[in-house]
Amino acid sequence: MITPMKDRQYTNQQLSDIFQNMAYLLEIKGELIYKTLAYRKAADSLADLGRDVNEVWRAGQLTDIPGVGKAIAEKIDELLSTGGLEFQEKLHTEVPPSLVEVLQVPDVGPKKVALFWREVGITNLAELEAAARAGKLRDLPGMGPKSEAKVLAGIEALSRRTHRLPLGKAWPFANELVTYLCDVQGVQIVEVAGSLRRMKATVGDLDLLAAAIDSQPVMDAFVGHPQVLEVLGHGEIKSSVEFNNNIRVQLWVHPPERFGTALQYATGSKDHNVRLRELAIKKGLSLSEQAFTRPDGSEILCAREEDVYAQLGMPLIPPELREDRGEVQAALAGRLPDLISLDDLRSELHTHTTWSDGKLTIKEMAVEARKRGLQVLAVTDHSFSLGVAGGLSVEEVMAQQTEIDAVQVELGDKIRILQGCEVEIRADGTLDYSDEFLAELDIVIAALHTGLRQSREQVTKRMLNAIRNPHVDIIAHPTGRMIPNREGADLDMEAVLQAAAQSGVALEINAHPARLDLDDVYSRQASDRGILITVNTDAHSASELDLIHFGVATARRGWLEPQQMINTWKPDRLISWLRSRGR
DNA sequence: GCCGTTTTCGGCCCGACTGTTTTCAGTCG
């Protein structure tokens with residue numbers, strides 16, 4: 001059943017934002033830090049729930065959500081049943097809501113915001129800037145000329161700060177920096193850490209970690225990088241800078257014998273680290289980025305991350321899993337998933353050629369795929385109603401078959417070329433080609449490209465129609481999101497997953513870093529339900545075939561194992577699966 | 001405000017850096 005819009009006062013994200021916002025205000029109000037942490041934790045849980053919170057609410061299971069106890073469950077209940085929240089309204093009369101924007105200024109935290117508000121009457125960003133320019137902040141307790149200048153610098157930084165960085169931008173830049181730092185004298189290892197190492201779809205700042213006995217030359221090289229716009233901090237162990245592309249990067253340097261704890265720490269996530277430190281405490285140890293420390297003050301050093309986890313009685317947890325989504329418990333119980341890896345892949349099932357909007361001919365694409373060790377390539381050009389992409393008419397698809405046959409003969413059996421299509425799910429829910437015609441193709445991908453802003457009911461109905469069509473094998477990039485510019489369609493994912501499980505259609509994790517759709521959260525849901533998954537690049541050029549690792553990383557974040565992913569199947573198995581589906 | 005194989009009360013991760021201070025508070029991750 002599709003949950004109609006009118007029964008949904010708030011989406012998960014909206015609810016999450018409300019609690020996040022209250023957390024900020026409570027912080028400024030000076031509320032107990034653990035209370036604000038609780039609100040923030042609940043907000044994070046809601047954002048990453050993977051189920052519609054409205055359904056959880058109707059099922060009476062709100063307190064099953066991690067970090068949601070009696071008090072927060074009651075607040076969610078009030079929000080969902082009445083649309084408002086008395087607690088929040090009262091909070092807004094006590095703390096001006098516009099102070100939240102002041103809190104976004106780097107180096108201005110809740111204590112300073114409260115100080116500026118109570119002592120100078122500052123309630124928003126404009127007032128803060130005016131006060132700082134007028135020199136009204138420097139004489140406040142704990143402030144001085146430097147701190148005042150820092151506030152102005154922070155406001156400036158905020159204005160040029162871009163949204164979170166898409167993985168596709170962060171990854172190459174971070175790797176450039178890794179190469180740069182590797183060349184510094186005395187550097188033994190450089191690793192990417194933070195959310196980038198965990199391969200989140202978007203990352204905030206970049207975190208890098210280097211191993212060196214003497215940190216000084218590394219730090220100097222880092223802050224002295226020719227493209228550094230501003231040095232934000234420059235210490236012995238940690239430095240941070242902003243580059244002229246507005247990307248902030250911080251670098252830790254640790255001696256090699258401490259690299260394991262340091263890398264583990266810097267990789268996070270915060271919640272994962274908290275979980276590990278709790279475990280350490282139970283073992284009578286204190287864990288920091290420096291070392292494990294015994295009660296007598298002696299240290300246990302870890303040069304490798306494996307050693308950190310071994311000390312806690314578990315195998316290394318792959319970075320992509322470190323989100324405190326049950327991975328620590330699974331590791332302790334010896335039940336970590338055997339994650340999919342790049343080496344497992346045998347096929348690429350979603351590509352475009354010059355027949356529609358791709359840059360390579362069928363033969364060129366097949367050669368490139370073969371170069372990358374693939375055994376199966378599906379050519380899946382667009383269908384006709386996607387005019388902007390040069391979608392193919394029925395006649396053109398038939399003509400394409402002749403060319404595919406010729407290329408297949410020319411290239412031999414090193415690579416198997418499938419003729420498919422990416423058929424448009426039209427705004428009315430029907431598909432571009434007839435069922436009879438689809439049945440003739442080797443493989444059919446269905447996708448939404450238009451009408452993404454339709455109502456939840458409408459767009460979900462279209463999607464379910466495609467999923468239930470026996471001739472459709474794969475649903476491409478299900479929500480149609482584009483990072484960072486476009487939200488995905490408001491699909492009832494619960495209904496989508498259920499239908500996929502029933503029909504046996506495979507859902508795609510589109511590897512393009514602007515898509516990564518299914519995302520990690522829904523990939524995990526799909527994994528739990530045994531839904532078949534395919535990871536594809538949707539390549540329009542040779543270089544795009546190399547984006548596949550972003551998709552694999554997303555699958556890993558979704559706890560996916562190879563057997564559930566059809567791209568890992570041997571060609572014969574894949575083809576017999578395709579033949580068994582409605583053709 | 002949440003949470004429980006040492007707890008239903010009393011915990012809640014830990015350290016680096018900066019600027020303001022003469023030993024520490026605030027911010028950040």
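Being a predicted model, the structure only gives us computed values, none of them experimental. Proteins get letters first, then strands, A, B, ... in listed order; numbering begins at 1 in each.
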(message) For a quick test of reading the model: is some side-chain N or O of A:Lys75 closer than 4.0 Å to OP1 or OP2 of B:dG1?
(response) yes
(message) What is the separation between atom NZ on A:Lys41 and atom P on B:dC12, rounded to the nearest whole Å?
(response) 17 Å
(request) Give a yes/no on whether any side-chain N or O of A:Tyr39 is located under 4.0 angstrom from OP1 or OP2 of B:dG1. (result) yes
(request) Without swapping roles, check the side chain of A:Asn273 against the backbone of A:Tyr265 for a donor-acceptor pair under 3.5 Å. (result) yes
(message) Is it the case that the base of B:dG29 and the side chain of A:Tyr265 share a donor-acceptor contact (distance under 3.5 Å, atom types as modelled)?
(response) yes
(request) Determine yes or no for a side-chain-to-main-chain donor-acceptor pair under 3.5 angstrom, with A:Glu101 supplying the side chain and A:Leu125 the backbone. (result) yes
(message) Once you apply a heavy-atom cut-off of 4.0 Å, does A:Asn273 come out as touching a base, just sugar-phosphate, or nothing?
(response) nothing
(request) To the nearest Å, give me how far apart CZ (A:Phe222) and P (B:dC17) are. (result) 13 Å
(request) For B:dT21 and B:dT27, measure between their P atoms and round to the nearest Å. (result) 15 Å
Each nucleotide N or O in nucleotides 3-9 of chain B that has a protein N or O under 3.5 Å away: list the pair and distance.
residue, atom, partner, partner atom, Å
B:dC3, OP1, A:Gly67, N, 3.0

(request) Please state the C1' separation for the pair B:dT6 and B:dG10 - nearest whole angstrom. (result) 13 Å
(request) Would you mind telling me which of B:dG15, B:dG1, B:dG26 lies closest to the side-chain atoms of A:Lys112? (result) B:dG26
(request) Give none if B:dT8 has no partner; otherwise give the nucleotide forming a Watson-Crick or G-U wobble pair with it, both distances under 3.5 Å. (result) none
(message) Using atom P in both nucleotides, what's the gap between B:dA25 and B:dT20 to the nearest angstrom?
(response) 16 Å
(message) By nearest heavy atom, map A:Pro106 and A:Ser288 onto DNA chain B; which one lands nearer the 5' end?
(response) A:Ser288
(request) Mind calculating the distance between NE2 (A:His254) and P (B:dC14) to the nearest angstrom? (result) 16 Å
Just the table, please: protein N/O against nucleotides 20-23 of chain B N/O, every pair under 3.5 Å.
residue, atom, partner, partner atom, Å
B:dT20, OP1, A:Gly144, N, 3.0
B:dT20, OP1, A:Gly144, O, 3.3
B:dT20, OP1, A:Lys146, N, 3.4
B:dT20, OP1, A:Ser147, N, 3.2
B:dT20, OP1, A:Ser147, OG, 3.3

(message) Taking side chain to side chain donor-acceptor pair (under 3.5 Å) as the criterion, tell me which of A:His272, A:Arg275, A:Lys270 meets it with A:Asp324.
(response) A:Arg275
(message) Quick check against the 3.5 Å criterion: does A:Ser269 have a side-chain atom that pairs as donor or acceptor with the backbone of A:Arg322?
(response) yes
(message) Output the rounded distance in Å from CG (A:Asp324) to P (B:dC2).
(response) 17 Å
(message) Would you measure the distance from the C1' atom in B:dT22 across to the matching atom in B:dC28 and give it in whole Å?
(response) 24 Å
(message) As a test of understanding, state which of A:Ile76, A:Asp44, A:Val68 forms a side chain to side chain contact (heavy atoms under 4.5 Å, CB included) with A:Phe19.
(response) A:Ile76
(message) Quick check against the 3.5 Å criterion: does A:Ser81 have a side-chain atom that pairs as donor or acceptor with the backbone of A:Asp77?
(response) yes
(request) Would you mind reading off the distance between A:Lys238 atom NZ and B:dG29 atom P, rounded to a whole angstrom? (result) 8 Å
(message) Taking the P atom in each of B:dT8 and B:dG4, what is the distance between them to the nearest angstrom?
(response) 13 Å
(request) Using a cut-off of strictly less than 4.0 Å, decide whether A:Gln290 has a side-chain nitrogen or oxygen near OP1 or OP2 of B:dA16. (result) yes
(request) Using heavy atoms to find the nearest nucleotide of DNA chain B for A:Leu37 and A:Ser239 separately, return the residue whose nucleotide is more 5′. (result) A:Leu37
(request) Could you measure between the two C1' atoms, the one in B:dT7 and the one in B:dC12, and give it in whole Å? (result) 13 Å
(message) For A:Ile18, is there any backbone N or O sitting under 3.5 Å from a side-chain donor or acceptor partner on A:Tyr39?
(response) no
(request) Mind calculating the distance between CD (A:Gln264) and P (B:dG15) to the nearest angstrom? (result) 14 Å
(message) Distance check, C1' atoms only: B:dA16 and B:dC9, in whole angstrom units.
(response) 33 Å
(request) Determine, for A:Tyr24 and A:Arg40, whether the Lys NZ or Arg CZ falls below 6.0 Å from the six-membered ring centre while staying within 45 degrees of the axis. (result) yes
(request) Give a yes or no answer on whether the side chain of A:Ser98 reaches the backbone of A:Thr123 with a donor-acceptor pair at less than 3.5 Å. (result) yes
(message) For a quick test of reading the model: is some side-chain N or O of A:Lys111 closer than 4.0 Å to OP1 or OP2 of B:dG26?
(response) yes
(message) I'd like to know if the side chain of A:Ser527 reaches the main chain of A:Ser523, judged simply by a donor and an acceptor atom lying under 3.5 Å from each other, with no hydrogens or angles considered.
(response) no
(message) Can you measure A:Leu276 atom CG to B:dG15 atom P for me and round it to whole angstrom units?
(response) 15 Å
(message) For a quick check of understanding: with a heavy-atom distance under 4.0 Å over all strands, which category does A:Leu32 fall into, base, sugar-phosphate or nothing?
(response) base
(request) Rounded to the nearest angstrom, tell me the gap between atom NE2 in A:His234 and atom C1' in B:dT18. (result) 14 Å
(request) Check whether any side-chain N or O of A:Asp492 sits under 3.5 Å from a backbone N or O of A:Arg456 as a donor-acceptor pair, and report yes or no. (result) no
